[in-house]
Amino acid sequence: MALTFDAEHPSRSHCPPGVQEALLEELANRGLRATFFVQGRWAKAYPQTARAIAAAGHLIGNHSHYHARMSLLSDEGLRIDVVAAQEAIRTVLGADPRPWFRCPFGDGAADPRVLGALRELGYRDVNWDVDAADWDAERSPEQVAGDVLEGVAASGDEAIVLLHTWPATTRTILGPVIDQLDRSGVQFVALDDLPKLRS
């Protein structure tokens, strides 16, 4: 299975400082490589944290520049947004995010126009199989952890889990969830090692 994290400006209140660093430490302590979809504007605002993600060897993807809904952008607006994020990620992280892209909110993931534009720019959209809504401040850590574990079990092999880098809940549940999945025999990989995405 693949743990993926959207690294973006938080849209909710439960985002204390230090969450991103704690997540990176948790992954490093377990020797795990994950995938981070980086918002270009976020990378420019937090370059030190963004560089730490790349320096730790995690796979880097593009999560747009402004976190706008892709289906609402014109063809030219979409191209400008994706390329702006790409350039910010290259400049700040020193990494080329292609071919990995994640549409903000998942919006555009089933839109042929959006997917065609992404292909022309060298990207493929990667959605998710499991979304435990860690972004929702109303959900307890127990609910989020339970949904991740149940979602992975229901999805089976090669599940892609969506998490975010800013909620305090994510910091709380990451270690225990990894431990429980590890005990059940799950192998953690980044997206570039996921067989279903190699074609």
Side-chain angles (χ1 to χ4, degrees), residues 1-27 30 32 34-43 45-46 49-50 52-53 58-73 81 85 97 100-111 114 125-156 158-182 184 186 188 190-191 194:
M1 65 157 287
L3 288 171
T4 70
F5 298 86
D6 288 358
E8 64 200 22
H9 287 287
S11 59
R12 306 291 167 121
S13 60
H14 62 308
C15 51
V19 173
Q20 293 93 340
E21 293 79 4
L23 297 179
L24 290 173
E25 183 177 359
E26 198 77 61
L27 294 168
R30 289 165 167 77
L32 298 183
T35 303
F36 287 78
F37 287 95
V38 177
Q39 180 192 4
R41 195 168 60 94
W42 176 85
Y46 301 96
T49 304
I53 294 171
H58 298 294
L59 184 65
I60 306 299
N62 186 331
H63 194 41
S64 83
H65 197 66
Y66 289 105
H67 206 263
R69 293 183 180 275
M70 295 284 105
S71 67
L72 299 181
L73 299 178
D81 185 77
W100 312 107
F101 188 87
R102 174 168 285 161
C103 290
F105 313 103
D107 180 75
D111 184 329
V114 171
D125 180 70
V126 181
N127 216 338
W128 54 83
D129 302 303
V130 181
D131 176 7
D134 60 338
W135 47 265
D136 186 348
E138 301 299 316
R139 307 198 74 226
S140 71
E142 292 75 21
Q143 288 174 309
V144 173
D147 282 355
V148 171
L149 296 170
E150 290 172 16
V152 169
S155 298
E158 303 188 50
I160 299 173
V161 175
L162 165 65
L163 295 168
H164 296 80
T165 59
W166 49 268
T169 302
T170 309
R171 177 180 60 193
T172 301
I173 63 109
L174 185 61
V177 163
I178 290 172
D179 289 343
Q180 190 156 339
L181 290 171
D182 187 56
S184 69
V186 166
F188 297 92
L191 292 178
L194 210 59

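- Considering only residues two or more places apart in sequence or on other chains, D111 meets the side chain to side chain contact (heavy atoms under 4.5 Å, CB included) condition with S71, R113, V114.
- Listed by chain and number, the residues in a side chain to side chain contact (heavy atoms under 4.5 Å, CB included) with Q143 are R139, S140 (sequence neighbours excluded).
- Contacts of H65 classified as ring-ring contact (aromatic ring centres under 6.0 Å, His included), with partners at least two apart in sequence or in another chain: none.
- The side chain to side chain donor-acceptor pair (under 3.5 Å) test applied to Q180 returns no partner, not counting sequence neighbours.
- For R69, there are no salt bridge (Lys or Arg N to Asp or Glu O under 4.0 Å) partners, not counting sequence neighbours.
- Applying the salt bridge (Lys or Arg N to Asp or Glu O under 4.0 Å) criterion to D129, with sequence neighbours excluded, gives K196.
- Annotation: the span from W128 atom CH2 to I160 atom CD1 amounts to 10.5 Å, rounded to 0.5 Å.
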Verify side chain to side chain contact (heavy atoms under 4.5 Å, CB included) between V126 and T4, making sure each step is shown before the conclusion.
-> CA-CA 10 Å; V126 181; T4 70; 5.9 Å; no
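- Taking the six-membered ring where tryptophan is involved, the planes of Y46 and W42 are tilted, since the angle between them lies from 30° to 60°.
- Between the side chain of R102 and the main chain of N127, a donor-acceptor pair closer than 3.5 Å is present.
- Using a 4.5 Å heavy-atom cutoff, the side chains of W135 and P10 are not in contact.
- Closest of all the heavy-atom pairs between V130 and D147 is CG1-O, 3.9 Å.
- For F37, there are no ring-ring contact (aromatic ring centres under 6.0 Å, His included) partners two or more places apart in sequence or in a different chain.
- Checked against side chain to side chain contact (heavy atoms under 4.5 Å, CB included), A68 has the following partners two or more places apart in sequence or in another chain: L73.
- For C103 against A109, the heavy-atom pair with the smallest separation is SG-N, 4.0 Å.
- A search for side chain to side chain contact (heavy atoms under 4.5 Å, CB included) contacts involving P141 returns T169, T172, I173, not counting sequence neighbours.
- Within the 4.5 Å cutoff, no side-chain heavy atoms of V19 are placed close to those of T165.
- In terms of heavy-atom proximity, M1 sits nearest to L3 at CE-CD2, 3.7 Å.
- By the 30° and 60° cut-offs, the orientation of the rings of F36 relative to F5 is parallel.
- Partners of H164 under the side chain to side chain donor-acceptor pair (under 3.5 Å) rule, at least two apart in sequence or in another chain, are D134.
- Taking CG from L174 and CG from L27, the interatomic distance works out to 5.5 Å, rounded to the nearest 0.5 Å.
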Given M70 and D81, is the side chain to side chain contact (heavy atoms under 4.5 Å, CB included) satisfied, shown in steps?
-> CA-CA 9 Å; M70 295 284 105; D81 185 77; 3.4 Å; yes
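- The heavy-atom pair separating A22 from R171 by the smallest distance is CB-CD, 3.6 Å.
- H58 contributes a side-chain N or O that, together with a main-chain N or O of A34, makes up a donor-acceptor pair within less than 3.5 Å.
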Stepwise side chain to side chain donor-acceptor pair (under 3.5 Å) check, E8 with H67 = CA-CA 8 Å; E8 64 200 22; H67 206 263; 3.0 Å; yes
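- For T35, the side chain to side chain donor-acceptor pair (under 3.5 Å) criterion is met by no residue, not counting sequence neighbours.
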V177/V144 under side chain to side chain contact (heavy atoms under 4.5 Å, CB included): CA gap, chis, key distance, verdict = CA-CA 10 Å; V177 163; V144 173; over 6 Å; no
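- By the side chain to side chain donor-acceptor pair (under 3.5 Å) test, D179 pairs with R30, sequence neighbours left out.
- Residues I178 and L32 have side chains in contact (heavy-atom distance under 4.5 Å, counting atoms from C-beta outward).
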